[in-house]
Amino acid sequence: MTSVSVGAPVPSESRRWSGPELLALAASQGGAYLGFGLQYALLTPFVLELGVPVRWASIIWLGGPITVFSTLQRSAIKAKRIAVSFPNEAMSVLRCLVFFGVVAYGAAMKSSMSALRSIVNGTGSQAPGLSQMQLAVQQLLGNAGSPGMTDFSAQLDKVIEEQMKKAVLTSKGTLQTELDGHYSSGYDACDASLSTSQGTDGVLDKKTSVFTAAAAQHKTCRTQEAADATAKDTCDSQESELKTKKEAACKVVSDYDSSTVTNCARQGGESYVTYTGRLVVYYQAELEKAKKAEELCETATKDYDAKVAECTGLKSEWEKQRAACNTQQETMDTASCTVLSTSATVCEEYAACNEKATTSYNSDKSSVQSQEASLKSEWIALMHMQCLLGVFSKSDNERAAAMKACNDKDFQPAADAALSLTYPAKVPRDPKSCASASNTVQSASYAETHYDTLPSNAQAKTCIAECCAKCDSFTCPWGYAQKDNAQNIFGALRDECCEESLLLQGSHLVTDENQIRLISGWMQQFGWATSGWTLCYRKSTHGGTGSTWHSQCNNKGKTISIIKLSTGRVIGGMTSIPWKGANSRYWSSSYGKGALFSLTNSFLHTVKNTNYVTYDRADYGPCFGGGHDFVIYNTWGGYCNIGHSYNCRVGSYAKSDCRNDFCGNYNSWSVQELETYYLN
């Protein structure tokens, strides 16, 4: 018999093994292989349950063959040692038994491989990993008495508790930190940016500093302007006094120049010598007075001319100073506008930042919630796994019930308690206060601070900076209307923005302010201008016939007629349909608007039947509605049947209370005065 060296000393003594001993050796080796196979088959579903991809989980199956080959190698060494005393026949039997062990290992893996295929192909149950874990544990529990199974389950439970669960909790902590950080960092960044913009050396502070410096320079400038104005005004006053003095002095000279001597005649009995002597004395005195007068005139003229020159220079200095101050005011006002717009921009950007932070947080929150749910699923799987592993410590009679209890148990509450994240209670977070800058050029306090406190003789000019008030936002008082192109005129004063413009100016019927306001309001409802109305007809001026009225008011476009009836009622009608007089016809709302009104009742009667806005006939005066609601005949009588085409204020159509409310009665009235205006 030939012996083989395998790297270890061959026993010096050998003996022959009996058949039972050989069978026991082979059986123990085969049982070990079966145990290894079961262990590796069991681990695969657990690994899959933890979320490890199949392509990587499948590597665990290599552990079986590796262990088998390693064990076979060790067995071969032992067998070769034994072969010293074993005959070839015994070795053949041993090889067969070892082969049987390998086959048993493969059989043990078959069912788990089938389960693995169902997981890969997606044909398993809703919790395939847990189902296969249960199957594997059931298979393992069928061999619960196998050596090392209880120790193996205890070791795996320790790994789950100390490593796998810890990793899940660490992930939970990471998610919570991410959630809290995202919530706070987003809004905190917005708050920090706002604080920077509004704080010292921030963009708003820098703009405010520019304005503050400009405001100080403007005030200093106006103070100097006031001093220059005072000097100019003082000079002007002195100039006026010197002018009066000069004019008085020079008038004496002028009077001398225009005087005629009247006492040059020779008096009776007066000798020639006496006469000529008297003349010499007289003219000598006159000469002295004339010379003195001329001296005074010349002196006064020089003083006046010098003062004029001085005042001209002072006026020039004042004008230059005022122009400089006006320019400085524009710089100040513009800087104030910049502060206002910058503060608005800062607040807008802050609001946008908070909105972006909210959107970003909500997006991240959705992702975190998904990951939170995944962590809870993993936690449930781990707890289920631990519960199943605990079955190994049960007796044979207790295992089935313990396994069923594990499968029936709801692990969700425990997962919620361990892994629920804390979400911010308020999204979006309350923003910090951010308001546009106060005391800027559009505010009343700005005028009080930077305009009203200026010297009375160095007042501010109208603000013309971009954000300053324009006349289209100014409400003109009664009797005034906004100037044309008001939207392009800077100003906030009546004289800057308004011009005198009484509606229906010169009317004999509309003289009360409340009446004018009523008509203005009705015109505004129609979208009509309240200025630019021109009289085309007045009964007391043009005569009382319908044809005359038409000749004066036809083809004038928009018209308004005011009528005073003998009943005392002051009523009227307005329409955008031009009067023509050539055709006897009704005009509908397709051609324009119309309304009747009562100044007596302060009421506008609107159209209800749009087919009959006006009725046009050459020998009628103004006529409205299809009833007719109101008509004036050529004789300046007519009738009132309001309610057909125009709404009543009280009562209803064809009822006396409606028409009496409007005209006083149905047709027992006459026109005392009629005025018609058109929009020029």
Side-chain angles (χ1 to χ4, degrees), residues 472 475-482 498 500-538 549 553 556-565 568-579 587-610 612-616 621-632 640 642-651 658-659 661-664 671 673-680:
D472 58 345
T475 301
C476 295
W478 181 82
Y480 290 83
Q482 286 183 349
C498 309
E500 190 173 0
S501 178
L502 288 175
L503 177 66
L504 312 182
Q505 194 165 6
S507 173
H508 294 178
L509 299 177
V510 182
T511 57
D512 181 80
E513 178 179 345
N514 291 328
Q515 292 178 333
I516 294 176
R517 291 189 185 279
L518 278 173
I519 295 176
S520 296
W522 296 333
M523 287 182 172
Q524 289 171 4
Q525 289 183 39
F526 273 29
W528 291 2
T530 57
S531 60
W533 291 86
T534 302
L535 181 74
C536 64
Y537 175 85
R538 178 178 289 131
W549 179 80
C553 299
K556 297 292 188 182
K558 299 180 178 68
T559 58
I560 179 170
S561 297
I562 303 97
I563 306 113
K564 183 176 182 180
L565 303 180
R569 296 289 198 275
V570 179
I571 60 175
M574 50 196 293
T575 180
S576 60
I577 302 173
W579 299 104
W587 296 90
S588 71
S589 61
S590 299
Y591 296 93
K593 300 177 181 179
L596 289 171
F597 58 84
S598 171
L599 292 177
T600 300
N601 296 326
S602 303
F603 189 80
L604 182 70
H605 298 265
T606 55
V607 172
K608 69 176 184 178
N609 189 335
T610 58
Y612 306 100
V613 177
T614 62
Y615 180 75
D616 202 348
C623 180
F624 291 82
H628 299 295
D629 291 64
F630 180 78
V631 59
I632 296 177
C640 179
I642 190 171
H644 177 276
S645 304
Y646 289 85
N647 290 298
C648 294
R649 187 177 76 95
V650 297
C658 177
R659 58 196 181 205
D661 176 69
F662 186 60
C663 294
V671 175
E673 183 66 285
L674 165 63
E675 294 178 341
T676 299
Y677 292 81
Y678 68 96
L679 184 60
N680 190 354

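Owing to the predicted nature of the structure, the values given are computational and were not obtained by experimental measurement. Just the heavy atoms: all of them, side chains too, but no hydrogens, waters or symmetry mates, feed the values below.
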**Request:** Determine whether Lys558 and Phe526 make a side-chain contact, defined as any pair of heavy atoms from C-beta on separated by less than 4.5 Å.
**Result:** no

**Item:** Flag side-chain contact, heavy atom, 4.5 Å: Leu565 against Cys663
**Value:** yes

**Prompt:** Got a sec, which residues hit side-chain contact (heavy atoms from CB on, under 4.5 Å) with Ile577, two or more places apart in sequence or on another chain?
**Reply:** Thr575, Trp587, Tyr591, Val613, Thr614

**Prompt:** For the residue pair Trp522 and Phe597, does the interplanar ring angle fall in the parallel (under 30°), tilted (30 to 60°) or perpendicular (over 60°) class?
**Reply:** tilted

**Request:** Using the six-membered ring wherever Trp is involved, compare the ring planes of His605 and Phe662 and label them parallel, tilted or perpendicular (cut-offs 30° and 60°).
**Result:** perpendicular

**Request:** Quick one: closest heavy-atom pair of Ser576 and Gly592, and the distance?
**Result:** OG-CA, 3.3 Å

**Asked** Where is the tightest heavy-atom contact between Arg659 and Ile642, given as atom of each residue plus distance?
**Response** CA-CG2, 3.9 Å

**Request:** Applying side chain to side chain contact (heavy atoms under 4.5 Å, CB included), run through Phe624 and Met574 and close with a yes or a no.
**Result:** CA-CA 9 Å; Phe624 291 82; Met574 50 196 293; over 6 Å; no

**For the student: nearest non-hydrogen atoms of Gly651 and Cys658, plus distance** = C-CB, 4.2 Å

**Request:** List for me each residue that meets side-chain hydrogen bond (donor to acceptor under 3.5 Å, both in side chains) alongside Ser507, sequence neighbours excluded, and say none if there are none.
**Result:** Glu675

**Prompt:** Just how far is it from atom CZ of Arg569 to atom OG1 of Thr600, taken to the nearest 0.5 Å?
**Reply:** 6.0 Å

**Side chain to side chain, Leu504 and Ile516, heavy atoms closer than 4.5 Å** = no

**Request:** Ignoring hydrogens and angles, tell me if any N or O in the side chain of Thr610 forms a donor-acceptor pair with the backbone of Ser589 under 3.5 Å.
**Result:** no

**Prompt:** Which distance, rounded to the nearest 0.5 Å, do you find between the CD1 of Ile560 and the CD1 of Ile519?
**Reply:** 4.5 Å

**Message:** Just so I know, are the side chains of Tyr537 and Ser561 near enough to count as touching, which here means a heavy-atom distance under 4.5 Å?
**Reply:** no

**Message:** For Gly626 versus Tyr612, what's the shortest heavy-atom pair and its separation?
**Reply:** N-CB, 3.4 Å

**Message:** Quick check on side chain to side chain contact (heavy atoms under 4.5 Å, CB included): which of Thr676, Leu674, Leu509 does Ile562 satisfy it with?
**Reply:** Leu509

**Message:** To the closest 0.5 Å, what do you measure between CD1 (Ile571) and CZ (Phe630)?
**Reply:** 4.0 Å

**Request:** Could you label the plane-to-plane angle of the His628 and Tyr615 rings as parallel, tilted or perpendicular, counting under 30° as parallel and over 60° as perpendicular?
**Result:** tilted

**Asked** What distance do His508 atom NE2 and Lys564 atom NZ have between them, rounded to the nearest 0.5 Å?
**Response** 12.0 Å

**Item:** CG on Leu679 to OG1 on Thr530, rounded to 0.5 Å
**Value:** 10.0 Å

**Asked** Where do Asn601 and Ser598 come nearest, in terms of heavy atoms and distance?
**Response** N-OG, 2.9 Å

**Request:** Please name all residues satisfying side-chain contact (heavy atoms from CB on, under 4.5 Å) with Asn680, sequence neighbours left out, ordered by chain then number.
**Result:** Thr534, Tyr678

**Item:** Heavy-atom pair of closest approach, residues Leu596 and Gly573
**Value:** CD2-CA, 4.1 Å

**Asked** Does the Asn647 side chain pair with the main chain of Thr606, one donor and one acceptor, at a distance under 3.5 Å?
**Response** yes

**Item:** CG-CZ distance between Asp661 and Phe603, expressed to the nearest 0.5 angstrom
**Value:** 8.5 Å

